[in-house]
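Atoms considered below: every heavy atom in the structure, side chains included; atoms not considered: hydrogens, waters and symmetry mates.
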Amino acid sequence: MSTPSASNQPFPATVGVLGGGRMGAGIGHAFLVAGAEEVIVVDVSEAAAQTAAARITKDLEASLRRGKIKGELSTWTNRLTTTVNVTAFSRCGLVIEAVPEDMTLKVESLRRAEAQLAPEAWLATNTSSLSITDLAGHLDRPERFCGLHFFNPVPASKLVEVVLAERTGEELAELSPRWVEALGKTPVVVKDAPGFASSRLGVAIGLEAIRMVEEGVAAPADIDNAMVLGYKFPIGPLALTDIVGLDVRLGIAEYLESQLGERFAPPQLMRDMVARGELGQKSGKGFYDYPES
């Protein structure tokens, strides 16, 4: 059980997150409960920053209710800063970028963050598929940069994919898995390749499941049950696609198709659902209905 007092963790005392959406807020929460002295979340507007603060506060409240952490809520939230001012990263020893999966946006965001960092600070990206080596090529200190691919929902997920680029330095290659372990999660270390390990395999299964729906092979629930009951998947590939977001998975599939060929071509059903706004849980409808979303 974690306490509000900062503990001697291997990650830097002050950790920054660029982007306070669901993933960014989850990453901020993970470092707070693991003992970071301060977590700084930078977002694009005051409204977005306030939403990020509310998300992290809600996750902290849940952690307190479940007994994962102890103490007063205010003691935990006092160590959280949300702002629109990227210069706040100047006091961070580590910044993790968690903006949407767009190469141009990622490059712009990483360069903005890197410009604020002290020379000894570390920088990471939460991309789920984009090339870490390509992103590093736009940075001034690529040896201090790697991928830290967290999974949604971050508080409950036990996995972080550590992705090492061609120019990631040896020190960072040694430190980054230790950071993940200090968060109470398991690191999987992979070299930079399209889709890494998790997205490449996960998307391949998800795309085939969507093709089966498209071809009328079986209903979504039956396809998911086949994998859950027959192959011991914790969740079916279509339900997981709804959680991740069909738009997110479509973007990943298009990128993998450009890098690995037509076996990752998105099914037309997937494109049609995204065009209709059927994005999964966040829109209230995907392969399943979510009336409370």
Atom pair CG (Leu94) and OG1 (Thr14), whose distance is rounded to the nearest 0.5 Å: 10.5 Å

Checking salt bridge (Lys or Arg N to Asp or Glu O under 4.0 Å) for the pair Arg211/Glu208: CA distance, chi angles, key distance, verdict? CA-CA 5 Å; Arg211 292 187 190 100; Glu208 192 59 30; 3.1 Å; yes

Ser157 side chain vs Val154 backbone, donor-acceptor pair below 3.5 Å: no

Is Glu120 salt-bridged to Arg144, cutoff N-O under 4.0 Å? no

Gap separating the CD atom of Gln268 from the CG atom of Asp272, nearest 0.5 angstrom: 4.5 Å

To the nearest 0.5 Å, what is the distance between CG (Leu172) and CD (Glu143)? 9.5 Å

Does the side chain of Pro267 come within less than 4.5 Å of Leu207's, by heavy atoms? yes

Residues Met270 and Leu250: closest non-hydrogen pair is CE-N, 3.4 Å

If hydrophobic clusters are built from ILVMFWY residues whose side chains come within less than 4.5 Å, do Leu201 and Val190 share one? no

At their closest point, which heavy atom of Ala98 faces which heavy atom of Gly24, and how far apart are they? CB-CA, 3.9 Å

Does a salt bridge link Arg263 with Glu257, judged by any charged N lying under 4.0 Å from a carboxylate O? no

Testing the 3.5 Å rule here: is there a donor-acceptor pair between the side chains of Glu161 and Ser198? yes

Quick one: does any side-chain atom of Trp76 pair with a main-chain N or O of Lys70 as donor and acceptor, under 3.5 Å? yes

Check the pair Val15, Val95 against side-chain contact (heavy atoms from CB on, under 4.5 Å), reporting the backbone distance first and the verdict last. CA-CA 6 Å; Val15 177; Val95 168; over 6 Å; no

Spell out, as yes or no, whether a donor-acceptor pair under 3.5 Å connects the side chain of Glu166 to the backbone of Thr133. no

Do Pro10 and Leu175 have side chains that get closer than 4.5 Å, going by heavy atoms? no

Indicate yes or no: does Glu37 engage Arg79 in a salt bridge with an N to O separation below 4.0 Å. no

From CA spacing to verdict: side-chain contact (heavy atoms from CB on, under 4.5 Å), Arg249, Ser199: CA-CA 9 Å; Arg249 281 216 149 167; Ser199 292; over 6 Å; no

Between Glu254 and Arg271, is the closest basic N to carboxylate O distance under 4.0 Å? yes

Ignoring hydrogens and angles, tell me if any N or O in the side chain of Asp224 forms a donor-acceptor pair with the backbone of Leu238 under 3.5 Å. yes

Any side-chain donor near an acceptor of the partner, Glu97 and Thr125, under 3.5 Å: yes

Side-chain heavy atoms under 4.5 angstrom apart, residues restricted to Ile, Leu, Val, Met, Phe, Trp, Tyr: same cluster for Val41 and Val44? no

Any side-chain heavy atom of Tyr255 sitting closer than 4.5 Å to one from Leu130? yes

Can Thr82 and Asp43 be counted as having a side-chain donor-acceptor contact under 3.5 angstrom? no

Grab the two heavy atoms, one from Gly286 and one from Leu246, that are nearest each other, plus how far apart they are. CA-CD1, 4.5 Å

Phe264-Met103 co-clustered via ILVMFWY side chain contacts under 4.5 Å: yes

What's the separation between atom SG in Cys146 and atom CH2 in Trp122, rounded to the nearest 0.5 Å? 9.0 Å

Expected output: side-chain Asp289 to main-chain Lys285 donor-acceptor under 3.5 Å: no

For residues Leu164 and Val189, determine if any side-chain heavy atom of one lies less than 4.5 Å from a side-chain heavy atom of the other. yes

Phe196 versus Ser128: any side-chain heavy-atom pair under 4.5 Å? no

Considering only heavy atoms from C-beta outward, does the side chain of Arg91 approach that of Ile40 to under 4.5 Å? yes

Is there a donor-acceptor pair under 3.5 Å between the side chain of Asn78 and the backbone N or O of Ser74? yes

Is there a side-chain contact between Ser176 and Leu148, using heavy atoms and a 4.5 Å cut-off? yes

Can a salt bridge be assigned to the pair Lys282 and Asp242 using a cut-off of 4.0 Å between side-chain N and carboxylate O? no

Does Arg55 reach the main-chain N or O of Gly20 with its side chain, forming a donor-acceptor pair under 3.5 Å? yes

Treating Ile, Leu, Val, Met, Phe, Trp and Tyr as nodes and any side-chain heavy-atom pair under 4.5 angstrom as an edge, say whether Leu183 and Leu60 lie in one connected cluster. yes

Main-chain N/O of Gly245 paired to Gln281 side chain as donor or acceptor, under 3.5 Å: no

Can any side-chain N or O of Thr75 pair as donor or acceptor with the backbone N or O of Gly71 at less than 3.5 Å? no

Supply the atom-to-atom distance Asp247 CG to Glu278 CD, rounded to the nearest 0.5 angstrom. 12.5 Å

Looking at every non-hydrogen atom in both residues, tell me the closest pair between Asp192 and Ala165 and how far apart they are. CB-CA, 4.1 Å

Can you confirm whether the side chains of Glu38 and Thr81 place a donor and an acceptor under 3.5 Å from each other? yes

Taking it one step at a time, do Asn85 and Thr87 satisfy side-chain hydrogen bond (donor to acceptor under 3.5 Å, both in side chains)? CA-CA 5 Å; Asn85 193 347; Thr87 60; 2.5 Å; yes

Quick check: do Ser129 and Glu101 have side-chain heavy atoms less than 4.5 Å from each other? yes

Passes side-chain contact (heavy atoms from CB on, under 4.5 Å), Asn152 versus Val244? Steps please. CA-CA 7 Å; Asn152 186 33; Val244 173; 5.9 Å; no

Scanning both residues in full, the closest heavy-atom pair of Arg141 with Pro119 reads NE-O, 3.8 Å

Transitively linked via ILVMFWY side-chain contacts under 4.5 Å: Phe233 with Val213? no

Rounded to the nearest 0.5 Å, how far does CD1 of Ile27 lie from CZ of Arg22? 14.5 Å

Is there a donor-acceptor pair under 3.5 Å between the side chain of Asn126 and the backbone N or O of Phe150? yes

Between Val160 and Phe151, does the side-chain contact (heavy atoms from CB on, under 4.5 Å) criterion hold? Intermediate values first, please. CA-CA 7 Å; Val160 177; Phe151 288 76; 5.8 Å; no

I need the minimum non-hydrogen distance between Phe145 and Thr168, along with the two atoms involved. O-OG1, 2.9 Å

